[in-house]
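A short worksheet on the structure shown next.
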Amino acid sequence: MTVVIRLLDGGEAVELEGQLKEVFAEAFAEPPYGEGPSDVERAFRRFRSQARRRGFRAAIAFDGDSVVGMAYGYPLSAHTGWWDTLVDPVPGDLRVEDGRRTFGLFELAVRPRWRRQGIATRMHRVLIDGIDNARVMLNTRPEATAAQASYRAWGYMRVGSAIPWEGAARHDVMLLDLARPVA
């Protein structure tokens with residue numbers, strides 16, 4: 001079958017929560033993540049509230065009726081706490097949010113069997129195509145070398161590091177400036 005990417009809103013994405021959990025569980029069970037059932041549940045407690053946010057969108061990869069990949073996010077609010085998790089100092093103007101400046105990419109995952117087919121790249125393009133934000137921000141584990149290579153190839157640059165939640169490993173904070181042409 002051919003993998004098809006569909007852009008969904010929050011309500012449509014929530015209808016697929018069971019399959020999205022399966023994608024998350026498979027993708028993040030592997031090193032360097034080593035995430036288990038409690039991590040999946042924590043992520044999807046956040047997902048339910050994220051899906052209700054203004055501007056939430058999800059690019060979902062389907063192989064037939066099966067979800068094989070997901071990417072989702074929403075514009076950061078003017079009062080986001082995302083920047084408060086930084087452990088490296090960054091210029092003050094980088095931290096300024098107005099509710100429209102930055103689109104936060106919260107999850108991007110592809111089931112192992114479907115990797116290395118360009119699905120993540122396609123989902124990323126669909127997710128950010130047409131957004132009116134100036135930049136996209138994400139957190140990623142520094143030791144996730146394949147993910148890091150993709151993000152850099154898409155034009156992201158590391159701007160610091162963060163511990164995004166209590167007990168989390170250190171993550172690289174990466175920004176994609178949408179005003180810059182991407183290769």
**Asked** Who passes ring pair (Phe, Tyr, Trp, His ring centres under 6.0 Å) against Tyr74, sequence neighbours left out?
**Response** Phe106
**Gln19 side chain vs Val67 backbone, donor-acceptor pair below 3.5 Å** = yes
**Request:** Could you note down all residue pairs passing salt bridge (charged side-chain N to carboxylate O under 4.0 Å, His left out) where residues 75-86 supplies at least one of them, sequence neighbours left out?
**Result:** Asp84-Arg95
**Item:** Closest heavy-atom pair and its distance - Ala147, Tyr33
**Value:** CB-OH, 4.4 Å
**Prompt:** Do Arg52 and Phe47 have side-chain heavy atoms sitting under 4.5 Å apart?
**Reply:** no
**Working for side-chain contact (heavy atoms from CB on, under 4.5 Å), residues Glu107 and Leu138** = CA-CA 8 Å; Glu107 295 296 349; Leu138 60 82; over 6 Å; no
**Message:** So Glu166 and Thr85, do their side chains get closer than 4.5 Å, heavy atoms only?
**Reply:** no
**Complete:** dist Asn133:CG -> Ile128:CD1 (nearest 0.5 Å) comes out at 10.0 Å
**Asked** Should Glu35 and Val40 count as side-chain neighbours, where that means a heavy-atom distance under 4.5 Å?
**Response** no
**Asked** If you round to the nearest 0.5 Å, how far is CZ of Arg53 from OG of Ser77?
**Response** 6.0 Å
**Prompt:** Between Leu76 and Val90, is there a shared hydrophobic cluster once you connect ILVMFWY residues whose side-chain heavy atoms come closer than 4.5 Å?
**Reply:** yes
**Prompt:** Where do Met70 and Phe24 land on the side-chain contact (heavy atoms from CB on, under 4.5 Å) test, with the steps shown first?
**Reply:** CA-CA 8 Å; Met70 64 181 182; Phe24 186 98; 3.7 Å; yes
**Request:** Measure the spacing between CH2 of Trp114 and CG of Asp63 and express it to the nearest 0.5 Å.
**Result:** 5.5 Å
**Request:** May I have the step-by-step check of salt bridge (Lys or Arg N to Asp or Glu O under 4.0 Å) for Asp39 and Arg42, ending in yes or no?
**Result:** CA-CA 5 Å; Asp39 300 300; Arg42 184 193 68 245; 3.0 Å; yes
**Asked** Between Thr102 and Glu97, do the side chains contain an N or O donor and an N or O acceptor separated by less than 3.5 Å?
**Response** yes
**Prompt:** To the nearest 0.5 Å, how far apart are CD1 in Ile60 and CG in Leu20?
**Reply:** 5.0 Å
**Message:** So which atom in Leu94 and which in Arg135 form the shortest heavy-atom distance, rounded to 0.1 Å?
**Reply:** O-NH2, 2.7 Å
**Item:** Identified side-chain contact (heavy atoms from CB on, under 4.5 Å) partner of Met137 from the options Leu175, Thr80, Leu105
**Value:** Leu175
**Message:** Parallel, tilted or perpendicular: which one describes the rings of Trp154 and Tyr151, with boundaries at 30° and 60°?
**Reply:** perpendicular
**Message:** Using side-chain heavy atoms (C-beta onward) and a distance below 4.5 Å, is Leu108 in contact with Thr140?
**Reply:** no
**Asked** Any sub-3.5 Å donor-acceptor pair from Arg141's side-chain atoms to Pro32's backbone N or O?
**Response** yes
**Request:** Please round to the nearest 0.5 Å and tell me the distance separating atom CZ of Arg101 and atom CG of Leu178.
**Result:** 11.5 Å
**Fill in**
d(Leu127 CG, Tyr72 OH) to nearest 0.5 Å is 11.5 Å
**Prompt:** Where do Asp172 and Arg158 land on the salt bridge (Lys or Arg N to Asp or Glu O under 4.0 Å) test, with the steps shown first?
**Reply:** CA-CA 6 Å; Asp172 284 343; Arg158 183 184 180 280; 2.9 Å; yes
**Asked** Do Val68 and Val23 have side chains that get closer than 4.5 Å, going by heavy atoms?
**Response** no
**Request:** Check whether any side-chain heavy atom of Val136 sits under 4.5 Å from a side-chain heavy atom of Asp177, and report yes or no.
**Result:** no
**Message:** Tell me if a side-chain donor or acceptor on Arg54 pairs with a main-chain N or O of Gly99 at a distance below 3.5 Å.
**Reply:** yes
**Side-chain donor or acceptor of Arg122 paired with backbone N/O of Val3 under 3.5 Å** = yes
**Side-chain heavy atoms of Glu26 within contact of Pro112, under 4.5 Å** = yes
**Asked** Counting distance only, does the side-chain N/O of Asp98 pair as donor-acceptor with the main-chain N or O of Arg100 below 3.5 Å?
**Response** yes
**Asked** Closest heavy-atom contact between Met123 and Ala109?
**Response** CE-O, 3.7 Å
**Prompt:** Would you call Met174 and Met157 a side-chain contact if the rule is heavy atoms closer than 4.5 Å?
**Reply:** no
**Request:** Work out which heavy atom in Ala162 is nearest to a heavy atom in Val173; give both atom names and the distance.
**Result:** CB-CG2, 3.7 Å
**Item:** Electrostatic pair Asp88-Arg170, nearest N-O below 4.0 angstrom
**Value:** yes
What side-chain donor-acceptor pairs closer than 3.5 Å can you find for residues 4-16, not counting sequence neighbours?
from  : atom 1 : to    : atom 2 : distance (Å)
Asp9  : OD1    : Gly11 : N      : 3.2
Asp9  : OD1    : Glu12 : N      : 2.9
Glu12 : OE1    : Asp9  : N      : 2.8

**Request:** State yes or no: do Trp165 and Trp82 share one hydrophobic cluster built from I, L, V, M, F, W and Y residues joined by side-chain heavy-atom distances below 4.5 Å, directly or via other members?
**Result:** no
**Message:** Has Arg115 got a side-chain atom pairing as donor or acceptor with Val110's backbone, closer than 3.5 angstrom?
**Reply:** yes
